[in-house]
Structures are given as structure tokens and as C-alpha cells.
Amino acid sequence: MNNREIVQKLWNLCHVLRDDGITYHQYVTELTYLLFLKMMKETGQDYILPDNYRWDDLVAKDGTELKSFYKLMLLELGQAENKLLQEIYTDAATYINEPKNLRKIVTAIDDLDWYSAKQEGLGDLYEGLLEKNASELKSGAGQYFTPRVLIDVIVKMVNPQPGERCYDPAAGTFGFMIAADRHVRSQTDDYFDEHVNPEFQKTQAFSGVELVKDTHRLAIMNALLHDIHGEIVLGDTLSTLGESMRNYDVILTNPPFGTKKGGEQVTRTDFTFTTSNKQLNFLQHIYRALKPNGKARAAVVLPDNVLFESGAGAQIRRDLMDKCNLHMILRLPTGIFYAQGVKTNVLFFTREQKDIASTKEVWVYDLRTNMPSFGKRTPLTEAHFEGFMNAYIVEDRHKVEDERLSVFTRAEIAKRDDNLDIGLIADDSLSMYDNLPDPIESAEDAVGKLEQAVMLLNEVIKELQATDNHNTEISKNENSSLLSQVAKQREVYKY
């Protein structure tokens with residue numbers, strides 16, 4: 001049994017819990033509590049667990065005793081001295097009401113092919129479960145899970161190196177950092193190269209901050225199973241906590257969408273520009289958190305409004321292009337995550353050593369216009385990014401012949417009031433309208449014809465009044481017919 005089959009089997013268990021009113025996200029959190037115990041046993045690390053509160057102790061119970069023991073177990077693990085246990089189990093509570101349902105899940109987990117799972121990697125198994133959760137429309141998990149193919153493409157382009165400090169200020173389930181770790185491992189013989197410090201890579205190279213407690217648990221578990229032990233802080237990056245997050249070599253992130261509740265301003269004291277827009281504040285944080293050495297770089301997923309919002313938005317974009325070389329904007333297809341109508345982009349930039357005029361030109365790759373509607377039937381694959389990746393890595397982008405690639409000088413952007421909503425190619429679906437007349441002329445022509453229609457109707461009214469004075473009765477249908485005939489004669493209907 002491979003990991004995909006194991007993930008499907010675990011996912012099918014969520015149907016057992018429907019009667020308990022458990023959501024997909026709650027189910028994944030519940031599985032995290034149980035899978036951690038089982039995986040600690042399978043990897044020989046259950047010594048970190050308190051005596052009498054290990055997987056075998058749970059399996060030995062049944063009925064109401066099992067449920068009572070499980071609730072007590074979650075409480076004890078949340079109060080354990082081990083920091084890792086605290087991070088996963090603090091304030092943990094079960095959503096399962098029926099003891100028989102808990103028994104089914106425990107038994108099913110115990111009976112899985114754990115030898116095969118370990119061969120393929122427990123981290124990949126768990127990440128597959130998170131991806132399955134995100135793909136379910138009812139789960140609402142797309143808000144924190146970025147499609148793996150997009151993450152992998154971004155990581156390839158940014159190309160994190162051994163010895164670099166990588167960071168995600170909106171960590172979610174830690175997908176970007178896990179992909180970055182996988183990328184560096186692939187370049188260094190799994191950290192066995194002589195010039196690599198394995199201890200640094202495992203404990204300091206990858207870190208992040210996550211605001212939501214349940215998602216933070218998933219991130220901790222995901223990192224642990226991928227043998228990453230960097231710091232994942234539970235907190236708000238846009239609070240004073242984020243002021244200490246600085247001097248990173250690589251930042252990869254997909255910040256949450258929306259504004260602070262009630263238009264509330266962030267509590268950061270180091271931001272030059274104030275706004276309630278979360279993404280704009282994350283953008284400020286990101287380019288300020290990079291090392292100003294001309295090498296530190298970032299890739300951040302942002303919605304379209306960040307590209308064109310006026311006021312503080314324009315000031316932040318201007319500051320970004322002063323401090324950083326914003327060299328590429330990737331216009332993403334719609335519907336690949338979040339709500340179907342949300343339009344997103346990836347901004348790629350490098351923090352320069354100076355704080356003025358760092359951006360000379362901005363390249364834009366349009367992967368949105370004339371693209372298929374992505375979903376379960378048409379999944380997004382790396383092949384869809386082939387043109388973009390070729391344009392990104394080429395030494396001289398001016399030599400690339402690709403209609404989706406365009407370039408704008410800093411001066412051209414300045415003339416647009418630093419609006420970066422640029423680079424979208426012609427939409428083929430609108431080609432039938434290419435020969436439309438000037439809209440102002442069309443509007444003026446329509447107004448003229450309407451004025452003619454009003455004059456015509458006034459004339460008809462006068463004629464009807466005159467006819468009425470001669471005691472001639474005209475039925476309503478005849479009046480309607482007369483109006484229609486006169487109108488047609490005056491070509492009212494042609495506008």
C-alpha cells in the first residue's frame with residue numbers, strides 16, 4: 001500500500017464522524033493528535049511521551065473507558081514538560097462524542113501498512129493528508145494551503161541554498177519551508193555534502209510564524225515528520241512580535257487575504273505606511289525583513305488589489321521598488337485556490353544594498369489570460385509553468401520570444417502612478433468585440449436617438465388628444481400599434 005492509498009483510507013474515516021458533526025478541518029486536527037502518538041511509536045521516539053500515555057496504552061482501552069482515557073491523555077500531553085508535546089497538545093480537545101467512532105479510528109490507524117508508509121516517508125503521508133483536506137471544497141482549508149505545484153515552482157525559481165535562513169511569516173501548514181528544505185536536500189545529497197552543516201539546516205534554516213492555533217499544530221507536525229526542527233512561532237506577524245523577525249536570506253509566503261477586523265490598524269511600530277490591508281502590511285514586513293545585501297530574495301503570493309490600491313498601497317509599492325529590485329510579477333490563473341473569483345499574483349524581488357531606485361524594470365508573465373479553468377478535472381501542473389520558468393531563469397529576458405512575457409520600465413510605471421496592474425495580454429474570448437465603435441460616440445448617438453423618441457412620443461400624444469376631441473375611439477391595441485409603427489418609421493429601435 002502506497003502513501004496515496006493510505007491517505008485515501010485515512011480520509012475515508014472522516015465519514016465515520018459525520019454523525020458527530022465534525023468538519024474536515026476538525027478531523028485533520030483530530031488525526032494529528034492520534035497520528036503523532038502512532039508515528040512516535042513507529043519511529044522509536046515514544047520515549048518523549050509520559051509513561052502510561054502512549055499509543056499502546058490507548059489501543060488497550062475500549063468503550064467509554066477509551067473515550068475517558070483519551071480526553072485525559074490530551075490534557076496530560078498538553079501539560080507535559082517537553083516543548084514539542086506542548087506545541088501540539090496545548091488546549092487540545094477531542095471532537096469525537098461516540099466511543100465507538102473513536103475505536104474505529106484508533107483501530108484503522110493501528111492496522112495501516114506502516115512499513116510502506118515509513119519507506120515512502122511519514123512526512124509525505126501527512127502532507128498528502130493536508131493536501132486532501134485543502135482539495136475538499138467543504139473544508140475551507142484552501143485559505144491556508146497553497147497548491148503544492150505552485151509552491152514547488154516558486155521554490156525552484158527562488159532557489160534557496162544551504163546555509164541560508166529561510167522564513168515564512170504566514171506559515172500555514174509550513175508547506176513553503178518544507179519544499180525549500182526538500183529543494184536544498186536534493187542539491188546536497190540529503191545534507192551529506194562536506195560544505196553543509198546538517199545541524200543548522202535542521203534547526204535554524206527554516207522558520208515561520210502562524211497565527212491560528214489549530215493550523216500551528218498542523219505546521220509543527222508537518223515540520224517534525226520532515227525532520228525540520230526550526231522555530232515555528234504561534235503569534236501575529238503584524239503585531240510587535242514581527243519587529244524582531246529580520247535579516248533573512250529567503251522569504252517565501254502566501255499571506256492571508258482580507259483586512260484587520262473593523263478596519264483596525266496593525267500594532268507594528270516600525271511600519272512607515274499605515275493601512276488596514278493585511279497583504280500590504282505583510283508586503284512591508286517582507287521587504288524589511290530581508291537582508292539588505294543585494295542577494296536576499298522573496299516570493300510572495302498577493303491578490304490583484306495590492307497591485308493597484310491607491311493611497312498607502314501606492315506608497316508601499318513605491319517603497320518596495322526603491323528598496324528592492326522587483327524583477328518579476330507572475331499573474332496567476334484564477335480559481336487555483338481561495339474563492340473562484342479571487343485573482344492572485346506572485347511578486348519576485350531582491351533586497352538591494354541601497355534604498356532608492358533599486359527597480360529599473362519590471363517583467364510580467366501573464367499565466368491568467370486564455371488559460372483553462374483549473375480544478376479536479378483540469379489540475380494545475382508544472383507543465384503549465386514551463387514558459388514562465390524558462391523566462392525566469394534565462395540570462396537575458398529581452399531575448400525571450402513569448403507573447404505572455406512583457407516588460408515595463410520604472411519610468412513607465414511611475415507615469416501610471418506606480419500602478420502594477422499591468423502585463424495582461426489580449427483575451428481571445430473578447431476578440432469578437434475588437435471592432436466596436438468608440439464608446440463615447442456610441443453613447444452620444446444613443447442619447448440623440450432617445451431624444452428623438454421623446455419628441456416622437458410627444459407628437460403621438462398630441463395626435464391622440466386631437467383625435468379624442470373629435471370623439472374618435474381608438475382601442476389600446478390600436479394605440480400600441482400606432483406607437484410601434486411611428487417608432488419604426490423614425491428608426492427609434494435601431495439605437
Just checking E386: does its CD atom have more than 12 heavy atoms from other residues, nucleotides or ligands closer to it than 6.0 angstrom?
no
Charged N to carboxylate O under 4.0 angstrom, E382 versus R148?
no
Would N370 and E403 count as a side-chain contact (heavy atoms from CB on, under 4.5 Å) here? Give the steps.
CA-CA 12 Å; N370 303 325; E403 66 170 355; 5.9 Å; no
Can Y248 and F206 be said to form a ring pair (Phe, Tyr, Trp, His ring centres under 6.0 Å), step by step?
CA-CA 10 Å; Y248 293 101; F206 308 102; over 10 Å; no
Does a donor on one side chain and an acceptor on the other come within less than 3.5 Å for Q315 and D319?
no
Would you call D304 and R331 a salt bridge, using N to O less than 4.0 angstrom?
yes
If you take all heavy atoms of E127 and I178, which pair is closest and at what distance?
OE1-CG2, 3.9 Å
Within-4.5 Å side-chain heavy-atom neighbours: H195 and P162
yes
Given the rule in the side-chain contact (heavy atoms from CB on, under 4.5 Å) test, do F388 and M328 qualify, once you have shown the distances and angles that lead to the verdict?
CA-CA 10 Å; F388 161 72; M328 177 70 84; 3.9 Å; yes
Is the CG atom of D417 crowded by more than 12 outside heavy atoms at less than 6.0 Å?
no
Can you tell me if T359 uses its side chain to pair, donor with acceptor, with the backbone of L326 under 3.5 Å?
yes
Hey, what do you get for CD1 (I48) to NZ (K83), rounding to the nearest 0.5 Å?
13.5 Å
Do we see a donor-acceptor contact under 3.5 Å between the side chains of Q284 and T272?
no
Gap separating the CD1 atom of I251 from the CZ atom of F282, nearest 0.5 angstrom:
11.5 Å
Check against side-chain contact (heavy atoms from CB on, under 4.5 Å), T275 and I316:
CA-CA 10 Å; T275 174; I316 291 169; 4.2 Å; yes
Heavy-atom pair with the smallest gap, counting every atom of E87 and I232
OE2-O, 4.2 Å
Side-chain touch Q86/Q79, heavy atoms, less than 4.5 angstrom
no
Under 4.5 Å between any side-chain heavy atoms of L224 and F36, yes or no?
yes
For T381 and H384, which I'm curious about, is there any donor-acceptor pair between the side chains at under 3.5 Å?
yes
With no hydrogens and no angle check, do the side chains of Y191 and N197 hold a donor and an acceptor under 3.5 Å apart?
no
Main-chain N/O of G423 paired with R404 side-chain donor or acceptor, under 3.5 Å:
no
Have T146 and N254 got a donor and an acceptor in their side chains that come within less than 3.5 Å?
yes
Within the distance-only criterion (no hydrogens, no angle test), does the side chain of R217 pair as donor or acceptor with the backbone N or O of T29 below 3.5 angstrom?
no
Write down the atom of A93, the atom of Y33, and the distance for their closest heavy-atom approach.
O-CE1, 3.7 Å
In plain terms, say whether R185 and D181 are close enough for a salt bridge, that is, a side-chain N and a carboxylate O under 4.0 Å apart.
yes
Side chains of H216 and M221, heavy atoms from C-beta outward: is any pair under 4.5 Å?
no
Distance col, row D124:CG vs R4:CZ, nearest 0.5 angstrom, shows 11.5 Å
Do H285 and Y167 have ring centroids that are under 6.0 Å from one another?
yes
E30 and Y95 have their tightest heavy-atom pair at OE1-N, 2.8 Å
Hey, could you give me the NE2/CG distance between H398 and L405, rounded to the nearest 0.5 Å?
9.5 Å
How long is the straight-line distance from OG of S310 back to CG of D418, given to the nearest 0.5 Å?
12.0 Å
Quick one: which of N325, D322, L290 gives a side-chain contact (heavy atoms from CB on, under 4.5 Å) with E352?
N325
Identify the heavy atoms of V301 and P255 that sit nearest to each other, and give their distance.
O-CD, 3.3 Å
For a quick check under 3.5 Å, do N277 and E309 share a side-chain donor-acceptor pair by atom type?
yes
Is there a donor-acceptor contact under 3.5 Å from the side chain of R351 to the main chain of Y287?
yes
When every non-hydrogen atom of L85 is compared with those of A80, the smallest separation belongs to CD1-CB, 3.8 Å
Can H229 and Q201 be counted as having a side-chain donor-acceptor contact under 3.5 angstrom?
no
Report yes or no: does E243 contribute a side-chain atom to a donor-acceptor pair with the main-chain N or O of T269 at less than 3.5 Å?
yes
Does any donor atom in the side chain of N281 or Q279 lie under 3.5 Å from an acceptor atom in the other side chain?
no
Decide whether Y126 and T32 meet the rule of one side-chain donor and one side-chain acceptor closer than 3.5 Å.
yes
Considering only heavy atoms from C-beta outward, does the side chain of L234 approach that of K213 to under 4.5 Å?
yes
Does any N or O in the side chain of D236 come within less than 3.5 Å of the main-chain N or O of L211, such that one atom is a donor and the other an acceptor?
no
When you check the side-chain N and O atoms of R368 and N345, is any donor under 3.5 Å from an acceptor?
yes
Are K38 and E42 within salt-bridge range, i.e. N to O under 4.0 Å?
yes
Got R268 and S239 here, is their nearest side-chain heavy-atom distance under 4.5 Å?
no
Output yes when a side-chain donor or acceptor of N293 lies under 3.5 Å from a complementary backbone atom of A296, and no otherwise.
yes
Side-chain heavy-atom pair D249, K295 within 4.5 angstrom cut-off:
no
Near K41 NZ, under 6.0 Å, is it more than 12 heavy atoms from other residues, nucleotides or ligands?
yes
Taken to the nearest 0.5 Å, the spacing of L347 CG from L330 CG works out to 9.5 Å
Option among E164, Q187, R297 that satisfies the side chain to side chain donor-acceptor pair (under 3.5 Å) test with N159
Q187
Does atom CZ of R416 have more than 12 heavy-atom neighbours from other groups under 6.0 Å away?
yes
Evaluate the side-chain proximity of L150 to I154: yes if any heavy-atom separation is below 4.5 Å, no if none is.
yes
Please answer whether the main-chain N or O of V212 pairs with a side-chain N or O of E210 as donor and acceptor at a distance below 3.5 Å.
yes
Would D168 and T253 count as having a side-chain donor-acceptor pair, cut-off 3.5 Å?
yes
Keeping the roles fixed (side chain from D193, backbone from V196), state whether a donor-acceptor pair exists under 3.5 Å.
no
Under 3.5 Å, is there a donor-acceptor pair between the side chain of T350 and the main chain of G294?
no
Determine whether K399 and D396 satisfy the following criterion, side-chain contact (heavy atoms from CB on, under 4.5 Å), listing intermediate values before the conclusion.
CA-CA 6 Å; K399 296 181 179 180; D396 184 357; 3.5 Å; yes
Does NZ or CZ of R397 lie under 6.0 Å from the centre of the six-membered ring of Y392, at an angle within 45° of the ring axis?
yes
